[in-house]
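All figures in this text were calculated on a predicted structure; none of them were measured in a lab. Letters A, B, ... are given to chains in the order of the sequence lines, protein chains preceding strands, and every chain is numbered from 1.
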Amino acid sequence: MPVHNAEIAAMLDQAAELLEIRGDNPFRVRAYRRAARVVEGLPRSVTSLLAAGEKLSALPGIGDDLAGKIAGIAASGKFDLLEGLKRELPGELAEIAALPGLGPKRVKLLHGELGVRSLEDLRRAIRQGKLRSLRGFGPIMERKLQGALAKPVAEKRFRLTVAEVEAEALVNHLRGAAGVGHVVVAGSFRRRRDSVGDLDILVTARDGAAIGARLAAYENVATVAARGPTRTTVVLRSGLQVDLRVVPEASYGAALMYFTGSKAHNIALRNMAIERGWKLNEYGLFEGKRRIAGTTEAEIYRKLGLPEIPPELREDRGEIAAARKKQLPALVTLSDIRGDLHVHSTWSDGTVAIAEMAAAARARGYSYMAITDHSRRLTVAHGLDPGRLGRQIDEIDRLNDQLKGFTVLKGSEVDILADGTLDLPDRILDRLDVVVAAVHYKFDLPRAAQTERLIRAMDNRHVSILAHPTGRLLGERDAYDVDIERVVAAAGERGCYLEINAEPDRLDLDDVHARAAKEMGVKLAISTDAHSVAALDYMRLGVDQARRGWLEPGDVLNTRPLGDLKKRLKR
DNA sequence: GCCGTTTTCGGCCCGACTGTTTTCAGTCG
C-alpha cells in the first residue's frame with residue numbers, strides 16, 4: 001500500500017507540533033514543517049521518486065537526515081520519531097495547541113503543571129478553576145477557551161466562488177471609507193488557490209484605525225477578533241475570517257507582496273534580501289534605514305535581481321530559481337482559450353439548448369465548443385443512448401450549416417463502466433469529434449482496479465479527454481483512490497488529454513497534478529463542464545489552476561485553432 | 001535540521017496584536 005505524499009506531510013507536521021511542545025530547537029521544528037510543505041507540493045509521489053532512484057536530499061529544505069526519515073515513512077508507513085514522541089507526549093496535545101490562543105508554550109505548561117493530556121482534561125481544569133493559577137493564563141483566556149471547547153469549529157475552507165462574492169461586497173464597502181487608496185484582496189485568494197481559508201485585504205491609507213473601524217462596522221461581521229492601528233481581524237457571519245492590513249501608499253508593493261505570500265515564498269525572498277545586506281518586510285526593502293524599494297512588487301523583485309513572479313507561482317516550488325534563470329513559464333491566460341470542450345445541453349441534464357449554448361460560447365470570444373452530453377448509464381441525467389446521440393449529431397450538423405465562424409463539435413461525456421469499457425459502442429463514438437470519458441459511479445474500487453479502469457478507458461482510441469480525472473469534490477468527496485501518476489503516464493503513451501475541470505467544486509486535476517502532467521509531457525484541456533450559460537464563465541477558474549500548474553498556452557489543447565485542434569483529437 | 005558568491009559553523013523572516021505582565025512572552029499570519 002503506497003504512502004501518499006499528503007500522509008507523509010501530515011506525519012512531518014505532527015512530529016513538528018510535538019517537537020515544538022517538547023521545547024525542541026525551533027529551527028529543527030521549522031525544518032520539519034518546511035519539509036512537510038515541500039513533500040505536499042511535489043508533483044510526483046515520494047514512492048515513485050525513490051523507485052526512480054532520485055535523491056530526496058536534492059530537494060530544497062531536505063537534507064540527508066530528513067531524506068532518510070521520509071524514505072523510511074514511504075517504505076513502512078511508519079515514522080519512528082513520531083511514534084516515540086507520542087509515547088512521550090499525549091498525541092491529543094496537538095489538538096489542544098490548535099485551540100485559539102494556545103500554542104506550544106502554553107500547552108507545555110498545561111501538560112507539565114496541570115497534567116492536561118486531553119481536551120477533556122482541559123475542560124476539567126477550567127471547571128476546577130486551576131487554569132488561572134498558571135503564569136500566562138488569565139480570566140479572558142479562560143473564557144475564550146471555554147467557548148472554543150463548547151463549540152469546536154472545524155477548520156473550514158471556502159470555494160473561490162464563495163470567497164469572491166464575499167470579497168467583492170467587502171471591497172466595495174471598504175472603498176467607501178474616506179482617504180482610501182488601493183483596496184485589494186491578497187493571500188491565497190490572489191494566488192488563486194482552489195479554496196481559501198480566509199480573506200487577506202490590503203488597503204493603502206493614512207489612517208489605518210479609520211479603515212479598521214469601517215471593517216468592524218461592516219454589516220456581515222459576526223465578531224471582531226483583533227483591532228489595532230494597522231491590522232484588524234474579523235470573522236464574518238459565514239465563518240470566513242478577514243484580515244485587514246493598512247499601510248501607507250509608499251509601502252503598497254511590499255505590503256502586497258507580504259500579504260500575498262505564500263509564507264514560504266516570502267521567507268525565501270527575505271533571505272535573498274539578507275544575503276545582500278538588506279531587510280525586506282511589509283513596509284519595503286531597506287538598506288539600513290533607507291527604503292530602496294517598496295511602492296510596487298515589480299520594483300522589489302527587480303532589486304533582488306528577479307523578474308516579477310506571478311502570484312499563482314508564489315509557493316516556493318521552484319519559481320524563484322526559475323525566475324533567477326529567466327525561465328519563468330509564460331503562463332496561459334483566459335484570452336488564450338479558443339473554445340470549451342466539455343459542455344452540456346437540454347439533451348441530458350443541461351438547462352440550455354445547444355444553439356443557445358453555442359451563442360453564449362461565441363459571445364465569450366470562442367470559435368468552437370463541444371457538446372458533450374451524458375451517456376445512457378447516467379439515467380438521472382437523461383443520458384443519451386446511441387439512437388438519441390445519433391439524432392443529436394444530426395441536429396448539430398444542421399446547426400453548423402447555419403453558423404458562420406463558429407463550430408459546434410459533436411461529442412459525448414461517456415461513462416467509464418466499472419471494468420473500464422465505455423457506456424457507448426465504438427460505431428457511434430466513431431461519428432463524434434470529441435469523446436470525454438468520465439467516472440460517475442463505483443468510486444470505491446481498490447486502487448489497482450480503479451487505476452486499470454481509467455487506463456483501459458483510455459485504451460479506446462476514441463477517447464480524446466479523460467474528464468475530472470480524480471473525481472474529487474472540494475469539501476465533499478475525496479479523490480478516489482487511484483495511482484494518478486500511472487494514469488498521467490498512460491495518457492501520455494496513448495496521446496490522450498487530461499482535463500482540468502473548471503467547476504468550482506471540482507478543479508480536477510488540481511494544480512500539483514497539472515504540473516506533474518506538464519513535466520511528463522502530457523497535454524491538458526481546460527473545460528467548464530457547463531450545464532448553464534453562466535457556468536461557461538468558470539473557465540477562468542480552470543485557467544487559474546492551470547497557471548498554478550505552470551501551464552503555458554502550448555500545454556493546453558483548447559488554445560489551438562479549430563483546424564489544429566481537430567488534427568490533435570485524431571488518435 | 002538545513003545550508004553556504006562572506007560561512008562546513010553559526011546563523012536561521014519579520015512584525016502586529018493580545019493578554020498578560022509591569023516591560024513582554026506568546027501567538028498569529
Side-chain angles (χ1 to χ4, degrees), chain A residues 12 15-17 19-21 23-38 56-70 81 96-110 131-145 148 186-189 196-202 208-209 212 224-235 241-247 251 254-255 257-286 304-305 316 324:
Chain A
L12 291 169
E17 195 69 34
L19 284 169
E20 196 174 26
I21 292 169
D24 259 65
N25 177 355
F27 299 107
R28 184 183 183 209
V29 172
R30 180 193 292 177
Y32 279 81
R33 291 225 167 89
R34 178 163 189 220
R37 299 290 77 73
V38 168
L56 298 179
S57 57
L59 295 168
I62 295 178
D64 288 337
D65 181 86
L66 274 167
K69 288 191 167 88
I70 293 169
L81 174 73
I96 297 175
L99 292 168
L102 289 190
K105 299 284 171 57
R106 291 194 174 114
V107 168
K108 187 181 186 183
L109 215 55
L110 286 171
L131 208 68
R132 51 177 82 190
S133 66
L134 287 182
R135 186 180 175 81
F137 288 83
I140 297 172
M141 181 93 64
E142 186 182 88
R143 209 167 51 242
K144 282 191 172 173
L145 284 175
S188 52
F189 184 94
V196 299
D198 64 9
L199 283 182
D200 298 303
I201 302 187
L202 175 66
V224 178
R227 182 89 180 270
T230 75
R231 216 185 84 195
T232 299
T233 299
V234 302
V235 180
Q241 180 173 310
V242 178
D243 294 319
L244 169 75
R245 192 67 198 267
V246 185
V247 299
S251 295
M257 184 180 256
Y258 153 75
F259 225 23
T260 297
S262 66
K263 184 175 177 151
H265 179 86
N266 286 347
I267 289 175
L269 290 181
R270 287 173 177 200
N271 281 325
M272 286 184 71
I274 290 170
E275 283 167 20
R276 289 159 174 76
W278 301 332
K279 180 174 71 168
L280 177 60
N281 60 27
E282 59 265 52
Y283 296 107
L285 181 62
F286 294 89
L304 293 173
D316 194 25
R324 206 181 261 136

Participant: Partner of B:dT27 by Watson-Crick or G-U wobble geometry, both contacts under 3.5 Å, or none?
Facilitator: B:dA16
Participant: C1' atom, B:dC14 versus B:dC9: distance in rounded Å?
Facilitator: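 One C1' to the other, the span is 24 Å.
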Participant: So, the side chain of A:Asn266 versus the backbone of A:Leu269: is there a donor-acceptor pair under 3.5 Å, distance only?
Facilitator: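 No, the answer is negative, given that no donor and acceptor are paired below the 3.5 Å cut-off.
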Participant: Is A:Leu269 touching bases, backbone alone, or none of the nucleic acid, heavy atoms closer than 4.0 Å?
Facilitator: nothing
Participant: Using the C1' atom as the point on both nucleotides, what is the distance between B:dG29 and B:dC13, in whole Å?
Facilitator: 12 Å
Participant: Once you apply a heavy-atom cut-off of 4.0 Å, does A:Glu20 come out as touching a base, just sugar-phosphate, or nothing?
Facilitator: nothing
Participant: Taking atom P in both B:dG15 and B:dG10, compute the distance separating them and give it to the nearest angstrom.
Facilitator: 25 Å
Participant: Looking at every strand, decide which applies to A:Glu275 at a 4.0 Å heavy-atom threshold: base, sugar-phosphate, or nothing.
Facilitator: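 No contact at all - A:Glu275 keeps every heavy atom at 4.0 Å or more from the nucleic acid.
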Participant: In whole Å, measure the gap between the P atoms of B:dT27 and B:dT20 for me.
Facilitator: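 Their P atoms lie roughly 13 Å apart.
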Participant: Can you confirm whether more than 12 heavy atoms, excluding those of A:Asp64, are under 6.0 Å from its CG atom?
Facilitator: no
Participant: Just checking A:Pro26: base, sugar-phosphate only, or nothing, at a heavy-atom cut-off of under 4.0 Å?
Facilitator: nothing
Participant: Just how far is it from atom CZ of A:Arg34 to atom CG of A:Leu12, taken to the nearest 0.5 Å?
Facilitator: 13.5 Å
Participant: Nearest-nucleotide wise, let me know which of A:Asn266 and A:Gly61 is further upstream toward the 5' end of DNA chain B.
Facilitator: A:Gly61
Participant: So, are A:Glu20 and A:Arg28 salt-bridged, with charged N and O less than 4.0 Å apart?
Facilitator: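 A:Arg28 and A:Glu20: not salt-bridged.
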Participant: Considering only atom C1', compute the distance from B:dT21 to B:dA25 and round it to an integer number of Å.
Facilitator: 9 Å
Participant: Please enumerate all residues that pass salt bridge (charged side-chain N to carboxylate O under 4.0 Å, His left out) together with A:Arg132, with sequence neighbours excluded.
Facilitator: A:Glu142
Participant: Report which part of the nucleic acid A:Arg227 touches: base, sugar-phosphate, or nothing (heavy-atom distance under 4.0 Å, all strands).
Facilitator: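 Touches sugar-phosphate only.
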Participant: Rounded at 0.5 Å granularity, tell me how far CG in A:Asp198 sits from CG in A:Asp243.
Facilitator: 5.0 Å
Participant: If we take the C1' atom in both B:dC24 and B:dT8, what is their distance in whole Å?
Facilitator: 37 Å
Participant: Between B:dT6 and B:dG11, how far apart are the two C1' atoms, rounded to whole Å?
Facilitator: 13 Å
Participant: Tell me what A:Lys108 touches on the nucleic acid: a base, only sugar-phosphate, or nothing, going by heavy atoms under 4.0 Å.
Facilitator: nothing
Participant: Could you go through A:Asp200 and A:Arg245, starting from their C-alpha distance and side-chain angles, then the distance that decides it, and tell me whether this counts as side-chain contact (heavy atoms from CB on, under 4.5 Å)?
Facilitator: CA-CA 8 Å; A:Asp200 298 303; A:Arg245 192 67 198 267; over 6 Å; no
Participant: Across the strands shown, which category fits A:Asn271 at heavy-atom distances under 4.0 angstrom: base, sugar-phosphate, nothing?
Facilitator: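 Sugar-phosphate: the residue A:Asn271, judged by heavy atoms under 4.0 Å, touches backbone atoms but no base.
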Participant: Tell me, please, the opening and closing nucleotides of DNA chain B, 5' to 3', among those with an atom under 4.0 angstrom from a non-hydrogen atom of chain A.
Facilitator: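 On DNA chain B, the outermost contacted nucleotides are B:dG1 to B:dG29.
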Participant: Base, sugar-phosphate, or nothing: which does A:Tyr283 touch, judged by heavy atoms less than 4.0 Å apart?
Facilitator: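 Contact class for A:Tyr283: sugar-phosphate only.
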Participant: Specify the residue among A:Pro100 and A:Lys263 whose closest nucleotide of DNA chain B lies further upstream toward the 5′ end.
Facilitator: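 Its nearest nucleotide being more 5', the pick is A:Lys263.
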Participant: Salt bridge check, A:Asp316 against A:Lys263: does any charged N sit closer than 4.0 Å to a carboxylate O?
Facilitator: no
